[in-house]
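Written below as structure tokens is the structure these notes are about.
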Amino acid sequence: MPGKLKAKIVAGRHLPVMDRASDLTDAFVEVKFGNTTFKTDVYPKSLNPQWNSEWFKFEVDDEDLQDEPLQITVLDHDTYSANDAIGKVYIDIDPLLSSEAATVISGWFPIYDTIHGIRGEINVLVKVDLFNDLNRFRQSSCGVKFFCTTSIPRCYRAALVHGFVEELVVNEDPEYQWIDRIRTPRASNEARQRLISLMSGELQRKIGLKVLEMGGNAVVGYLQCFDLEGESGLVVRAIGTACTLDKLIPGTGSNTITHTNTAPASNACNSPSKEIKEPVFSEDPTHPLSVPPTPLRTLPPSSSPPPFSPSKPCSRQSSSSDTDLSLTPKMGMGSGISVGKEAGPLKTLLRQQAQSALEQREFPFFTLTCFPPGFLVHIGGVVSARSVKLLDRIHNPDEPETRDAWWEEIRQEIKSHAKALGCHAVVGYSESTTICEEVCILSASGTAAMLNPRFMREGCLDAGGSDQRLSRQPPLGMVGSERAEGEVSSSWLGFDDASPPSCGFCHIPYDEFNMPFPAQLTYCYHCRRQKVPDVLFTTIDLPAEAAVTGKGCLIQARLCRTKKKAQGEVNATAISNLLPFMEYELHTQLMNKLKLRCMNALFGLRIQISVGENMLLGLASATGVYLSALPAPGGIQIAGKTPSDLSYDQHISTMQKRINDTIVMNKELYNIHPPECIEEVVGSPIPDRQRSRLFRSTSESSDELSELDLSHGKKDAFVLEIDDTDAVEDIQSLLTDAPMPAGFYSCNTEVMPGIYNWTSGLQMFTSVRVYRLNNANLTNQGLNKIFTDLCENLLKSLYFKLRSMIPCCLCHLNFTVAVPEEELIQVAVTAVAMSFDKETQLAADKALNEGSGENEEQLQFSMELCGESTSSNNQPTAKASGLPESAMTHSSSRVSSSERCSPLPEVRSRSLRSTRSLPCGAPVTVVKMTPLSFLPMTRIVKYLGIINMFFIRETTSLREEGGVSGFLHSFIAEVFAMVRAHVAALGGNAVVSYSMKECVFMENPNKNQAQCLINVSGDAVIFVRESDQEAIPPLITSGQTSTTGADGTT
Amino acid sequence: MSVELDVFVGNTTIMDEEVYQFWLDGYTVNDAVKVRMEGGVLEECEASAEVLRSDTMDQYRTFQMCERLLHSPAKLANQLLFQIPPHRQTMLIERYYTFDGVFVREVLGKKLSKGTKKDLDDVSAKTGVTLKSCRRQFDNFKRVFKVVEELKGPLVENIRQHFLLSDKLARDYAAIVFFANNRFETGKKKLHYLTFQDFAFCAGQLISNWTVGALDNMLEDMDVDLEKEFLQDLKELKILITDKDLLDQHKSLVCTALRGKTKAFNEMEANFKNLSRGLVNIAAKLTNTKDVRDFFIDLVEKFIEPCRSDKWTAGDMRLYLTHYTNSAHILDTFKHQVVWDRYMGVIKSCILKMYHD
């Protein structure tokens, strides 16, 4: 019996009238955990019952504590017939199992019914006493912390990043069991909710076990998904990154540290901030610097094959029909480390060192999108894999083996793609599925990267000081094992010094003589020492230290393709055949839109492909930026195939003019003014391109390489041939993208590059739209237009709705598309609008221009602080700081319950007279929600645990509830309310990294019915507002550093 | 292609005050969109009519979902469904309970019954207030009435606490409840010139002077009804007109005081007995519920109209009523000074408020 769970039912309020005759309710509560159930007394004839129950005690295994939720059911007592259920509350007690998270759950929870929605609230107290050492019971993994946040959580430091963890559990879907035919919808929905809650608990426990095995204590970037496979089952799967996190002791240095994390850190040129960041991630006083990196020594570098063999990319290109990978990685580019002869051995060395660190790992994947400074060495590019599977072919649907094998296959593919790009790891990794009937597409994507091995595994990591320190004292192992030691160590030193963080990640990781795909390499525009590609696509967030010119913006590629209705294998083949074309077109669109905005890199790229019965939808979203290290993008040229025709020429030239005008306009809009010196240093892209071709021919090229060249060279990103109908379409979609209204910016990453002075004003929202295609005989082009308009209109609506927040930026704009039925397209968006301060922004822009686009990230911090004074009126209620606020809730709930102890029901209570206090004295805790990992102008002081909730809502009176919109509107509002209530009960005042993972909506208007499933997750936190006092000193320092940074470039 | 479903839900509930007003005023979505378009929001934000429509629908839906809570405003503060900043909550409540002067004039003093509600379409046609808005306002009156009816204590305070309204609005509601409870006649043609604010002022006077709660706030009683004992005492005032000597004495005292101070002196002197009879008779009859209902019409017929036809100025009226009240104290055989003051204090301020065109 390692644990005792205690629950107390205090009171209820706003209960629904269950007895029509008396207009009152005789409520009582059932508290269930596992197989044990307790009941409270019936509190007769009241809508605000005061149960004040005893403590109900459950003695349970900690395994159960992790798996099971606490189930609270509120019922109406009926003497003559069965008791009517009012609703339920499921409480996940996992946050109570970690010593660092919450200690008590206490507060008002909405009572939820799958048919009626929220029906009043119930006040509950929950505590857990854990008895003995948990580690002896290997079935449980109590104490492992989970974070949805895809970066190192704010008040922790990463002592060690262990790597990828994944797990998958399968169960029969209650909705498809035979019993479902005879039971009520309510019972069926509840069975499903309960099952998923259980499965999530189990999944989390199993992942926790894996983390403990690896020696970690936390999972960061935890991503849990449901696959509603239908007949074949219900799958809950999760991936994450196992880490060992150390809590930062709040004290002298830690505040500044959190700042450095919150606001992107410094570049290498300035020493003050470097000193701040060093202790955060790397310096570990318990491990002296002299400890040799043992894994390195055990692996003689000569024995490991050159990781970048020419055959690898070929296999990637000629991959099976059910996957498409050929296109995305093409864009991936990284860094050539050096041009000299030592490039080979050096690169190999670096790779070997990292490889050895990653060797033990099956999949060197990281779900993180944001990294400690120095973690990311180079970025190769996006790698992705898709695979079409048939669900009715699963031999043993109740067992996870088949699905495990599927994912294994895909991950292997991703791994090999990364290798082909000369990278040993994949960052910003995510997995997803789309299911239509029996066809299921599994997708995985990430960014191939070279990582700094120090963070990886004991030997390497703990030996390190900072980047710089490591480089100046070459590890013993390296010196010993490598023959050309002097040369290597010096070049190692040189390499590290030569790759400032602001551009180092852009440098290609692969061999420039042996490129996996044709790319135009130039010398880095920042350090001028290493090679960089012309464009860079990634799935991660923009590294904080990256040098960016101007602002970024959301770039979307949208695509719709019709497909014949088919079944089984035929259907799967048809889809498989369509996928590569879709990816190719999405990619071309992204490329063109990027050029049109005069940008050269994409971050946070997310490509979603959704299957319907007769169409496929593709939506790629990313944030475009102009990386100062990369060459300026060339314009877009339109070429006609029949140049003789005069009117045709004219048409082309007007098109060309429009495009050119747009580019100029966009440059202005996004404040992209790259320094002029660029042209003189390196030639125009064309000779460069020729050069790269030349290199390729001299290297040991193979057939596959020329094949590659074909696929890319045929359709140059710069030249659009107008004869091609696709090209016409491309141009149309290029030019129909409406510009954002003044005062708005948008991105799908954590924050917008180029905006620094956030105020505390923020508004998280979810918007869902479903369109019905009335005309069934639509062409691809027609569908494309509809889909594009749909997305554009949705964005326009968002801008309009949020106009009061101007100037503001829509951050983390996350679009999800689905084809719920044959003629329906569903688009769901969750994002946060954050307002910033115009005044200080202008100053920042100015400073930025002075610094020639260099190192502007630093300003973010200082500007944030400047904004503080002006921000306060944006959200007056949400201002109060975390701790006092939560304390207030507790006290106020106590007050209100004592009030209600009065024996007289409301209206009859004449004696109370006018002194009768009204509940306005007990305000509900304001809970902020954001999809980002932080809240501007605040400091997260505590993570209270993960929020992972699944709700089903069903109605049989759709019209009465305001139609489909009314139904979904209230359901989403209810989900928000329940999330807020759970966070408040944990003592928190915000949810960060919030996301709506699933929103499955089904309707049957003829039967007046609708059903919706929503899954949301996030991290419950306590934040406090940054006080002015704390803010002043860093303001000065960062002001200094920004000038230093500017000096450094000249 | 058609939009099947379109929702937007913010963590903090977004509400546009302008749209809220349209909704309160009973505009249909289409009408509201039209007005908004004319208002120029579109140019300001580069939006299309479609966007505006979607936004309006969304807001209307939000308001409809909030309406249930607005019926018992105290719930708005501790409900969990919508996260609304407190100042917004106050705005929502205040606006929801705000009513149109023209509308309230139509139902003031009427029984807040189903029958009256059925006639609201006529009221709507007459006042130009949409039927939807009429219904909301009527239901508000009824709701406040029902809640306060059951409660003891100061009326205004009860309303303010229970419905979280501003002091001004709470006072107006107190007047409405008071009028509805006593069924004062306000619809007669002769009373048409009076505004709701005139009546509200008078109601305030009556509530704070003639009800039980008026004398002692600590008493566990309510001030929706006039104090029975006081009404009974008012009968005693009849002596002022039945006793010939007293009447003459009173007249001479008033005339002495007024002489030379006003142009209307002759008319005052000539009408004194009539006017005095009018006022005292009103007082004496107030024990009858029927006569209570006619209180305002009586005041107008018996006092205000004669004075108006004699072209008294407001100053004349004040002067006359002051001396008329005060002179009664000098009458040595008149023993009902306290009741007289209590009666005349209210009558004086009511008449002064009501004496306009």
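Letters A, B, ... mirror the listed sequences (proteins, then strands); counts begin at 1.
Formation of a donor-acceptor pair under 3.5 Å by the B:Q83 side chain with backbone atoms of A:V927 is found in this model. Remark: the backbone N or O of B:L5 is not paired with any side-chain donor or acceptor of A:S965 at under 3.5 angstrom. Remark: the backbone N or O of B:L81 is paired with a side-chain donor or acceptor of A:R980 at under 3.5 angstrom. The backbone N or O of A:L824 lies less than 3.5 Å from no partner atom in the side chain of B:E4, so there is not a single donor-acceptor pair.
For residues 60-67 of chain B, heavy-atom neighbours of chain A at less than 4.5 Å comprise B:R61, B:T62, B:M65, sorted by residue number. Of all residues spanning residues 24-36 of chain B, those with a heavy atom less than 4.5 Å away from chain A's heavy atoms are B:R36, arranged by number.
Counting heavy-atom pairs closer than 4.5 Å to chain A, the top residue among B:L52, B:D58, B:L76 is B:D58. Comparing B:D16, B:V9, B:V51, B:D55 by heavy-atom pairs within less than 4.5 Å of chain A, the highest count is held by B:V9. Ranking A:V827, A:V770, A:T766 against chain B, the residue ahead of the rest is A:V770, based on heavy-atom pairs under 4.5 Å. Between chain B and the options A:P110, A:S797, A:G117, A:G120, the largest number of non-hydrogen pairs under 4.5 Å is found for A:S797.
The ring pair (Phe, Tyr, Trp, His ring centres under 6.0 Å) test applied to A:F744 returns A:Y799, not counting sequence neighbours. Considering only residues two or more places apart in sequence or on other chains, B:F99 meets the ring pair (Phe, Tyr, Trp, His ring centres under 6.0 Å) condition with B:F141, B:Y173, B:F196.
When all heavy atoms of A:E121 and B:Q79 are compared, the closest pair comes out as OE2-CA, 4.3 Å.
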